[in-house]
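Residues: numbered from 1 along the sequence shown. Scope of the values below: all heavy atoms of this structure, side chains included, with no hydrogens, waters or symmetry mates.
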Amino acid sequence: MKVPSSFSRLKDFRFPREVIAYAVWAYHRFAMSTADVEDLLAERGVVVSPETVRLWVNRFGRHFADCVRTDRPKPNNMWHMDECVITIGGVKYWLSRAIDADGDVLDILVQPCCNAKAAKRFFRKLVKQFGKPRVVVTDKLRSYIQPIRSLVPDADHRAHKGLNNRIENSHRPTRRREKIMGRFKSPQQAQRFLSAHDQINTIFRPRRYKLSNQSYRHARSDAFALWADYTAEIAA
């Protein structure tokens, strides 16, 4: 692990910001538990507890996610929207997710119900962030019809289950993390974690099947350079 000496130490923190950023990166980039990250750091001579890693992830994950959102280019104007069920404490919640035509996650929202009101709340949030889309692709859930008609009446709404396979695949990392974490502990935890997880993976998971080896390595180098910049901006 490279530790640039130019980075100043965070006030009131025992470890330098590079170690904290590395732990947050490893936790979100790979399907790891906090204990796995603890072992990864221990192999590099950094002794921390899984609880410390968890605190770092909770505290600084949002910082990196916000940086990614700020720097990301304007998304494609074709959106895919879908929802999946997550069980928290024996209660069902609905995770709404939207991606653009390139497969990059726009945003997520965990809600206790799946109706037109919930769909409108999520869709309004997206339009406020990214503007109005040209095309919206959903499954055949009727809850989407009224919100799309009222908020973007000129958009082409395509309700077809077969057209939405791209976002169905986008749910898979959530399922993997849910299993590793032994299910989410609360809606707030799920919202906090997934909001950061999806954004961080946006820059570290380019569409490799669309890139040559050289292009992929350049994209990876750019992602690490961005991460170094975000690390320098961490505030205690």
Side-chain angles (χ1 to χ4, degrees), residues 1-11 13 15-32 34 36-37 40-41 44 46 48 52-80 97-108 125-126 128-131 166-167 169-170 172-174 176-177 191-236:
M1 180 171 55
K2 297 179 180 179
V3 182
S5 59
S6 59
F7 285 0
S8 59
R9 183 178 293 271
L10 280 173
K11 183 180 179 182
F13 279 80
F15 293 98
R17 64 181 67 210
E18 304 89 319
V19 173
I20 296 172
Y22 183 83
V24 175
W25 170 79
Y27 185 76
H28 283 289
R29 175 62 182 84
F30 305 105
M32 287 184 170
T34 54
D36 293 332
V37 178
L40 196 64
L41 291 173
R44 288 156 173 76
V46 179
V48 298
T52 298
V53 174
R54 185 186 68 81
L55 292 174
W56 288 348
V57 169
N58 290 344
R59 181 160 185 175
F60 298 107
R62 183 173 180 178
H63 161 78
F64 288 104
D66 289 343
C67 288
V68 173
R69 287 191 185 95
T70 301
D71 286 349
R72 72 184 301 172
K74 187 176 180 179
N76 192 291
N77 60 6
M78 182 177 181
W79 298 355
H80 295 252
R97 175 180 275 113
I99 66 173
D100 65 8
D102 297 323
D104 294 332
V105 177
L106 302 178
D107 209 345
I108 65 103
K125 181 182 179 185
L126 292 172
K128 184 177 180 181
Q129 283 182 285
F130 305 106
R166 182 184 295 273
I167 196 168
N169 294 333
S170 188
R172 291 181 180 178
T174 297
R176 287 196 295 268
R177 295 307 310 223
Q191 179 72 39
R192 180 180 63 239
F193 169 76
L194 293 173
S195 293
H197 183 71
D198 285 351
Q199 296 302 319
I200 290 171
N201 274 274
T202 293
I203 63 171
F204 284 105
R205 289 185 182 273
R207 301 296 174 268
R208 189 165 189 169
Y209 64 90
K210 292 185 176 181
L211 303 173
S212 66
N213 285 339
Q214 185 175 8
S215 297
Y216 174 76
R217 289 167 186 150
H218 282 312
R220 184 173 58 190
S221 297
D222 290 343
F224 283 130
L226 283 173
W227 193 260
D229 291 340
Y230 300 158
T231 299
E233 296 171 8
I234 291 178

In the structure I gave you, are the side-chain heavy atoms of [X] and [Y] within less than 4.5 Å of one another anywhere?
| X | Y | value |
| --- | --- | --- |
| Val19 | Trp56 | yes |
| Trp79 | Ile99 | no |
| Phe64 | Thr231 | yes |
| Asn77 | Phe130 | no |

Under the 3.5 angstrom rule, does the side chain of [X] hit a backbone N or O of [Y] as a donor-acceptor pair?
| X | Y | value |
| --- | --- | --- |
| Arg62 | Asn58 | no |
| Asn201 | Arg205 | no |
| Asp102 | Asp104 | no |
| His197 | Pro173 | no |

As an exercise, state the distance from [atom1] of [X] to [atom2] of [Y], rounded to the nearest 0.5 Å.
| X | Y | atom1 | atom2 | value |
| --- | --- | --- | --- | --- |
| Arg29 | Tyr22 | CZ | OH | 12.0 Å |
| Asp66 | Asp71 | CG | CG | 11.0 Å |
| Asp36 | Thr34 | CG | OG1 | 8.0 Å |
| Lys128 | Asp107 | NZ | CG | 12.0 Å |

Which atom pair, heavy atoms only, marks the closest approach of [X] to [Y]?
| X | Y | answer |
| --- | --- | --- |
| Glu233 | Cys67 | OE1-SG, 3.6 Å |
| Val105 | Thr202 | N-OG1, 4.2 Å |
| Val68 | Gln199 | CG1-O, 3.4 Å |
| Ser195 | Ala65 | O-CB, 4.1 Å |
| Phe30 | Arg177 | O-NH1, 2.8 Å |

Excluding sequence neighbours, so at least two apart, what forms side chain to side chain donor-acceptor pair (under 3.5 Å) with Asp198?
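Side chain to side chain donor-acceptor pair (under 3.5 Å) list for Asp198, sorted by chain: Arg97.
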So, Gln129 and Arg69: side-chain donor and acceptor under 3.5 Å apart, yes or no?
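Result is no, nothing qualifies.
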For Arg54 and Tyr27, test the side chains for any donor-to-acceptor distance below 3.5 angstrom and give the result as yes or no.
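The criterion, which ignores hydrogens and geometry beyond distance, is not satisfied for Tyr27 and Arg54.
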Member of Val48, Ile20, Val24 meeting the side chain to side chain contact (heavy atoms under 4.5 Å, CB included) criterion with Val53:
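Exactly one candidate clears the test, Val48.
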Pairing residues for Ala31 by the side chain to side chain contact (heavy atoms under 4.5 Å, CB included) criterion, not counting sequence neighbours:
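Listed in chain order: Ile180.
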Taking the six-membered ring where the residue is Trp, are the ring centres of His28 and Phe193 under 6.0 Å apart?
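Yes; Phe193 has its ring centre under 6.0 Å from that of His28.
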Distance flag, aromatic centroids of Trp25 and Phe60, threshold under 6.0 Å:
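No.
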Please list every donor-acceptor pair under 3.5 Å in which a side-chain atom of residues 215-228 meets a protein atom from a residue at least two apart or in another chain.
from   : atom 1 : to     : atom 2 : distance (Å)
Ser215 : OG     : Ser212 : OG     : 3.0
Ser221 : OG     : Arg217 : O      : 3.0
Trp227 : NE1    : Ala21  : O      : 3.4

